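Below is one structure, written out as C-alpha cells; comments come after it.
It should be emphasised that the depicted structure is a prediction, and the values quoted were computed from it without experimental measurement.
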Amino acid sequence: MATADVLKDTGYIQNDTELTGPFAAALAKGNLIVQKCNDCAALIMYPKYRCPACFSGSLGWEQVSGAGQLQTFTILRYGPPSTFDVEAPYGIGIVKLDEGPQLMCRLHPGPDGTWDHYVCNQRVSFAPADAAEIAERAAAWFTAA
Amino acid sequence: MSEIWTPPYPEPGSANDAAFIGIGEIPSGVYRERGFMAQIVEASARAIKDAQLSHTDIDQIVLIPCLHGIPDQADLIFSRVAEELGLHGKVKSSVMVHSGGSTSDNATRMAAGLIASGQARNVLVVYSERWGSADLQDMIDMLSVNGIPREWEAPTGLQFNAIGGLITQRYMHQSGSSAEEMAAICVALRDWANLNPNAMYYAKKLTIEKIVNSKMISDPIHAFECPFLADGAGAFVMTSATEAAKKQDAWVRIGGSGGCVSHYAAGQDADLGVLGWVEAAKEAYEAASWGPEDADLGEVYDSYAAVLAIALEGLQISSKGEAAREFHKGRFSPGGEFPLNTNGGLLSAGHTGVGGGTALLIEGIRQLLHRGDDRQVPNARRCIVGGTGGSYMDAQIMMLERATR
C-alpha cells in the first residue's frame with residue numbers, strides 16, 4: 001500500500017471509544033451485544049481492534065441470547081476502588097455465554113439481598129441494569145437462570 | 001506453539017552458562033523510616049559482597065520495578081541506581097524489566113542472555129518496594145487499574161482481592177477443597193516465615209482457626225488469606241560459569257525455563273482454575289531434562305493460596321485437585337516431604353509488589369548456595385522457581401541447579 005493510501009485509510013478501529021460506545025449503548029437499551037468478525041464470523045469478547053482468530057480488521061456486532069454458565073464469582077465485601085462509587089458488598093462473576101465468548105459481569109443479588117445462592121457452573125442469564133446505572137458503569141449484569 | 005522447538009541451552013560450566021553467585025536482602029515488613037533508594041543501595045551492597053566482588057566489577061544493572069509511585073519508578077528508569085552505586089561512567093547500561101510478579105524470571109532470562117552473548121560480565125539485579133508504608137486506599141486503587149482492563153472489567157468494581165476470590169472460588173469448586181484445607185496453605189507458609197528473620201511475620205504464629213474465623217473480604221477469601229503489603233528490598237549478582245569458577249566453590253545455574261501467557265484480562269482465561277502452568281511446565285521440564293520428582297524444593301508465587309495450589313498442580317508437584325489437601329497433611333511445611341516457599345512466600349514474608357516474586361527467586365538461590373541457616377534444605381541441589389504477574393496472566397518457570405567447581 002502506498003503512503004498516500006495509508007493516510008487516506010480510515011477503515012480501521014482507531015480508539016477504544018469505537019468499541020465501548022456501541023457496547024454501552026446496547027446495554028442501556030437492555031441488549032447484550034458482542035463483537036463479530038465480518039470475515040470468519042468469530043464472536044469476540046472483549047471487543048478487539050483485529051479479529052483474534054483470522055486477524056481481519058472488518059468487525060461488527062451481534063446480539064446474543066444472554067444465556068450462559070457462571071464460571072466463577074465473588075462477593076467483594078471490603079475495599080472497593082475509590083473510583084467505583086458503589087457500596088460493598090457487591091457480586092462479580094465471569095460468565096461463559098452459550099455462544100462462546102466470556103465476560104466479567106456484575107451479579108444481581110437474590111430476593112434475600114444476598115449472593116448465597118450462586119454456585120460455579122450454574123446457568124445464568126443476562127438481566128440488564130437500568131440506563132442510569134449503565135451510564136455510570138457500563139457492565140453487563142446477570143442473574144440466576 | 002505449533003512445533004516443538006528445542007532451544008540450544010548453554011553447556012554447563014561454559015563461558016555462556018549464566019551463574020548466580022551472590023544474594024542480598026533486607027527484612028520485609030512495615031519500615032517507614034527506610035527510604036526507597038537507601039533500600040536499593042543496601043540490598044545491592046550485600047549482594048555484591050556475598051558474590052565476593054567489588055562494586056566496580058558490576059558492568060550491567062537490571063532493575064526490578066517498584067509499583068508504589070511514579071517518581072521512584074522514574075529514578076529506576078533514568079539510571080539513578082548507577083549513580084548512587086558509584087557506577088556511572090563504568091556500567092554499560094542500567095535497564096528496567098517489567099512483567100509484574102513474573103519479572104524476576106524475565107529479568108533473569110535477560111541477564112542470562114546478556115551474559116551468554118558476551119554483552120555483560122557481572123550483572124546486578126535489584127528490587128526495592130515501599131508497599132508497606134504506602135497509603136492502603138492508594139494501593140487498592142492502583143491495583144484496580146493495573147492489570148485490569150479499564151474499559152471492560154473496571155466497570156464491574158473488580159480489584160485484586162476480588163480476582164483472588166474469583167480464582168479461589170473456581171479452584172475450590174473444581175478440587176472440592178474445604179475452607180480449612182485452603183487455610184492450611186497460609187499456615188504452612190507462616191510456619192516457614194517463622195524460620196526467616198527477614199520475613200514480615202517472623203515473630204507471629206498463624207492457625208487455621210484464626211483464618212477461618214477472620215472476616216470474609218472477597219468470598220471465599222478471609223482477611224488472613226489476603227497478602228499483606230510490605231516494604232522490602234533484595235538483589236542478586238549473575239556472571240558466567242567460567243567467571244564464577246575463579247572465586248566461588250559453588251554457584252547456581254539455569255537448567256532450563258518455560259513460560260506461557262494465558263491471558264491479560266482475568267475474565268478471559270480459558271480456565272482460571274488451571275492458568276498457564278501446564279504449558280509452561282512441559283517446556284521447562286523438557287529443557288532441563290528433569291522434573292518435579294527430581295526437585296529438592298520449590299519457590300512458587302503465592303499471593304493467594306489458590307494461586308499457589310493451581311501452580312503446584314500444573315507443575316505436577318501435586319496431583320490434580322490435591323494441593324490444598326497435601327498442605328493440610330503437612331507435605332509442604334517445615335519438616336515435610338517437599339520444602340516449599342521456604343522464606344514464607346508473599347503471604348507471610350510480605351508482599352513486596354513485583355519484588356515478592358524476586359524474593360522467592362533469591363530464596364531459591366540462597367537454598368542452592370546452602371546459605372539457608374535454620375531453614376536450609378539439607379543438600380539442596382535442584383529447585384523449581386515459579387512466577388506469575390498481573391491477574392495471573394502468565395506462568396514462568398526457572399529450573400535452578402546447584403553447580404560446583
Side-chain angles (χ1 to χ4, degrees), chain A residues 15-21 23-24 27 35 44-48 52 70-96 101-107 114-116 118-122 129 133-142, chain B residues 135-146 148-176 214-223 225-226 229 263-274 304 306 310 391:
Chain A
N15 56 54
D16 62 348
T17 313
E18 293 180 32
L19 300 175
T20 52
F23 181 75
L27 286 181
Q35 202 179 30
I44 303 155
M45 269 309 275
Y46 53 91
K48 308 280 189 320
L70 184 65
Q71 301 297 93
T72 186
F73 65 99
T74 190
I75 303 119
L76 187 81
R77 298 181 188 274
Y78 294 94
S82 60
T83 48
F84 187 74
D85 193 18
V86 172
E87 261 185 52
Y90 52 85
I92 305 171
I94 298 172
V95 172
K96 186 170 176 60
Q102 208 171 277
L103 72 162
M104 193 72 68
C105 66
R106 284 285 293 279
L107 292 174
T114 77
W115 292 263
D116 295 346
Y118 286 104
V119 289
C120 289
N121 288 353
Q122 78 163 84
E133 168 65 25
I134 297 303
E136 290 290 316
R137 294 165 286 271
W141 286 64
F142 283 75
Chain B
D135 180 81
L136 185 60
Q137 186 64 50
D138 284 354
M139 293 303 103
I140 289 172
D141 289 345
M142 185 271 293
L143 288 170
S144 315
V145 292
N146 285 358
I148 293 173
R150 58 190 71 75
E151 311 92 331
W152 303 109
E153 295 193 350
T156 66
L158 193 66
Q159 44 92 293
F160 261 78
N161 281 334
I163 290 178
L166 291 168
I167 292 176
T168 306
Q169 190 86 260
R170 182 81 193 158
Y171 176 76
M172 289 177 74
H173 175 82
Q174 287 179 333
S175 66
S214 63
K215 68 184 177 188
M216 201 63 96
I217 298 294
S218 195
D219 302 37
I221 293 183
H222 301 84
E225 290 171 306
C226 294
L229 305 187
H263 68 259
Y264 154 62
Q268 294 305 312
D269 199 282
D271 193 338
L272 277 184
V274 177
Y304 295 98
I310 290 164
S391 60

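Using a 4.5 Å cut-off between heavy atoms, B:Ala223 does not touch chain A at all. With a 4.5 Å cut-off on non-hydrogen atoms, A:Pro47 touches chain B through its backbone and its side chain both. Interface residue B:Tyr264: only side-chain heavy atoms are found under 4.5 Å from chain A. Proximity to chain A (any heavy atom under 4.5 Å) is shown, for B:Gln169, by both the backbone and the side chain. Within the 4.5 angstrom heavy-atom criterion, atoms from both the backbone and the side chain of A:Tyr46 approach chain B. B:Asp138 does not touch chain A: none of its heavy atoms, backbone or side chain, sits under 4.5 Å away. For B:Ile140, the part lying near chain A is the side chain, with the backbone staying farther off; criterion is any non-hydrogen pair under 4.5 Å. Of the two parts of B:Leu158, the backbone and the side chain both hold a non-hydrogen atom closer than 4.5 Å to a non-hydrogen atom of chain A. Interface residue A:Cys105: only backbone heavy atoms are found under 4.5 Å from chain B. Contacts of A:Phe84 with chain B are made by side-chain atoms alone, with heavy-atom separations under 4.5 Å and no backbone atom involved.
In terms of heavy-atom pairs under 4.5 angstrom with chain B, the leader among A:Val86, A:Asn121, A:Leu103 is A:Asn121. Of all the listed residues (A:Ile92, A:Ile94, A:Ile75, A:Leu107), the one sharing the greatest number of non-hydrogen pairs under 4.5 Å with chain B is A:Ile75. By number of non-hydrogen pairs under 4.5 angstrom with chain A, the leading residue of B:Met172, B:Met142, B:Gln174, B:Gln268 is B:Gln268. Between chain A and the residues B:Gly267, B:Gly157, B:Gly164, B:Ser144, the most heavy-atom pairs under 4.5 angstrom are made by B:Gly157.
Using a 4.5 Å heavy-atom threshold, the side chains of B:His173 and A:Val119 count as separate.
The two residues A:Thr20 and B:Glu151 come nearest to each other via the heavy atoms CG2-CB, 3.6 Å. Considering every non-hydrogen atom in both B:Leu166 and A:Thr74, the closest pair reads CD2-N, 3.7 Å. Nearest heavy-atom pair, A:Arg137 versus B:Pro155, reported as atom, atom and distance to 0.1 Å: CB-O, 3.6 Å. Taking every heavy atom of both residues into account, B:Gln137 and A:Pro80 meet most closely at NE2-O, 3.5 Å. Of all the heavy atoms in B:Asp141 and A:Thr83, the pair that sits closest is OD1-N, 4.4 Å.
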Practice item. Just do the side-chain contact (heavy atoms from CB on, under 4.5 Å) check on A:Leu19 and B:Trp152 with the steps written out, would you? Key: CA-CA 10 Å; A:Leu19 300 175; B:Trp152 303 109; 3.8 Å; yes

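Proximity of a side-chain donor or acceptor of A:Arg77 to a complementary backbone N or O of B:Asp219 within less than 3.5 Å is not detected. With A:Gln71 contributing its side chain and B:Asp271 its backbone, the two residues share no donor-acceptor pair below 3.5 Å.
The line from CG of A:Leu76 to CD1 of B:Ile221 is 10.0 Å long, rounded to the nearest 0.5 Å.
Enclosure of atom CG in A:Asp85 is not indicated, since only 12 or fewer non-hydrogen atoms of other residues, nucleotides or ligands lie within 6.0 angstrom.
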